[in-house]
Amino acid sequence: MRAPNDREFVERFAEVTGGRRPTSYVEGWEQFIQFCEEGYDDNLDEYWFDLSIRNAIERLLTDERLSGFPQMEWVRERIEAADERFRAVLSEQPTPGRSERSWWEAYLPAWVGPELAAELRDTYGIRVEVRES
């Protein structure tokens, strides 16, 4: 049996994701993390929407149609490195009512922009450091 080539991997990846490429997920997650490292400067609805890329990534990492491709190792390595960066910005205290969710949804950044800080206080009773970008 021959090893799948990059073209086959990208085609299968696009099939699984509805046309997206591996780099769009990896770079999208890394960009979101960069926003969080700087102090996510948007509202709570946008935060949850932007964070949803990590749920899609989790589905990809566990998809049987992609698991046999050696190219997924590159995806896994980049996601693992990005996950470590994201864990570093998260508060140590789980978000009320979200502790049963995936780790990336159960915790919020320890510092954010002023708008999100106000919403976290009002919605969850959580006080976080405010960082203006």
Side-chain angles (χ1 to χ4, degrees):
M1 181 176 169
R2 68 178 182 77
N5 64 35
D6 288 343
R7 181 185 183 113
E8 288 173 302
F9 170 66
V10 170
E11 287 172 357
R12 178 65 52 86
F13 196 94
E15 176 185 302
V16 170
T17 63
R20 293 187 66 182
R21 299 175 70 78
T23 53
S24 69
Y25 279 93
V26 171
E27 291 171 357
W29 180 229
E30 291 170 338
Q31 182 179 34
F32 171 75
I33 293 165
Q34 182 178 350
F35 293 152
C36 291
E37 290 169 334
E38 295 167 357
Y40 190 86
D41 194 25
D42 211 331
N43 63 49
L44 188 56
D45 287 338
E46 285 299 315
Y47 175 82
W48 293 128
F49 176 77
D50 291 346
L51 181 65
S52 69
I53 192 171
R54 185 58 181 80
N55 293 324
I57 289 168
E58 191 65 19
R59 287 190 300 274
L60 294 171
L61 294 175
T62 58
D63 191 290
E64 291 181 12
R65 296 169 290 179
L66 295 172
S67 64
F69 285 90
Q71 293 89 339
M72 280 299 291
E73 187 59 30
W74 172 85
V75 174
R76 284 185 194 88
E77 288 173 1
R78 290 274 300 265
I79 296 303
E80 286 171 10
D83 283 352
E84 286 305 309
R85 287 177 47 211
F86 191 56
R87 283 184 176 98
V89 302
L90 296 177
S91 170
E92 294 178 9
Q93 184 175 2
T95 306
R98 299 184 72 84
S99 61
E100 299 300 318
R101 295 183 178 244
S102 302
W103 65 266
W104 56 88
E105 295 178 306
Y107 297 86
L108 291 162
W111 58 85
V112 297
E115 181 179 2
L116 183 52
E119 282 191 87
L120 294 178
R121 184 189 64 240
D122 296 345
T123 304
Y124 297 110
I126 296 173
R127 296 195 182 278
V128 296
E129 179 183 334
V130 175
R131 290 194 180 168
E132 307 245 3
S133 47

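FYI, the numbering just counts along the sequence from 1. Everything numeric here is computed off the predicted structure, so don't read it as measured data.
Taken from CZ in Phe13 to OG1 in Thr23, the straight-line distance is 8.5 Å, to the nearest 0.5 Å. Taken from CG in Asn55 to CG in Leu60, the straight-line distance is 11.0 Å, to the nearest 0.5 Å.
Across all their heavy atoms, Leu66 and Arg12 have their closest contact at CD2-CG, 3.6 Å. The two residues Glu27 and Arg78 have their closest heavy-atom pair at CG-NH2, 4.2 Å.
A chain of hydrophobic side-chain contacts below 4.5 Å, direct or via other Ile, Leu, Val, Met, Phe, Trp or Tyr residues, connects Trp103 to Val112. No single ILVMFWY cluster, assembled from side-chain heavy atoms under 4.5 Å apart, contains both Val89 and Val130. No single ILVMFWY cluster, assembled from side-chain heavy atoms under 4.5 Å apart, contains both Ile57 and Phe49.
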For this session: Evaluate the criterion side chain to side chain contact (heavy atoms under 4.5 Å, CB included) for residue pair Leu108 and Ile126; output intermediate values, then yes/no.
Result: CA-CA 9 Å; Leu108 291 162; Ile126 296 173; 3.9 Å; yes
Problem set entry | Glu30 vs Gln34, side chain to side chain donor-acceptor pair (under 3.5 Å): CA-CA, chis, key distance, verdict | CA-CA 6 Å; Glu30 291 170 338; Gln34 182 178 350; over 6 Å; no
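Remark: Glu73 CD is packed, more than 12 non-hydrogen atoms of other residues, nucleotides or ligands lying under 6.0 Å away.
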Side chains of residues 114-123: which donor-acceptor pairs under 3.5 Å do they make with residues two or more places apart or in other chains?
| from | atom 1 | to | atom 2 | distance (Å) |
| --- | --- | --- | --- | --- |
| Glu119 | OE2 | Leu44 | N | 2.8 |
| Thr123 | OG1 | Glu119 | O | 2.8 |

Atom pairs and distances, donor-acceptor, side-chain atoms in residues 91-99, under 3.5 Å, two or more places apart:
| from | atom 1 | to | atom 2 | distance (Å) |
| --- | --- | --- | --- | --- |
| Ser91 | OG | Gln93 | N | 3.2 |
| Thr95 | OG1 | Ala106 | O | 3.2 |
| Arg98 | NE | Glu105 | O | 3.1 |

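Judged purely by atom type and a 3.5 angstrom limit, Glu80 has no side-chain atom pairing as donor or acceptor with the backbone of Glu77. Proximity of a side-chain donor or acceptor of Glu132 to a complementary backbone N or O of Asp41 within less than 3.5 Å is not detected. For the pair Trp111 (side chain) and Glu37 (backbone), a donor-acceptor distance under 3.5 Å is present.
The existence of a salt bridge linking Glu11 and Arg7 is confirmed by a sub-4.0 Å separation between a basic side-chain nitrogen and an acidic carboxylate oxygen.
For the pair Ile33 and Tyr40, the minimum side-chain heavy-atom distance is 4.5 Å or more. Side-chain contact between Trp104 and Ile53 is absent, with no heavy-atom pair separated by less than 4.5 Å.
Between Trp48 and Tyr124, the ring planes are perpendicular. Angles over 60° get that label, and only those under 30° would be called parallel. In this structure, Phe9 and Phe69 have tilted ring planes: the angle between them lies in the 30° to 60° band. Taking the six-membered ring where tryptophan is involved, the planes of Tyr47 and Phe32 are tilted, since the angle between them lies from 30° to 60°.
Residue pairs meeting the salt bridge (Lys or Arg N to Asp or Glu O under 4.0 Å) criterion with at least one member in residues 46-62, sequence neighbours excluded, are Arg54-Glu58, Arg54-Asp83.
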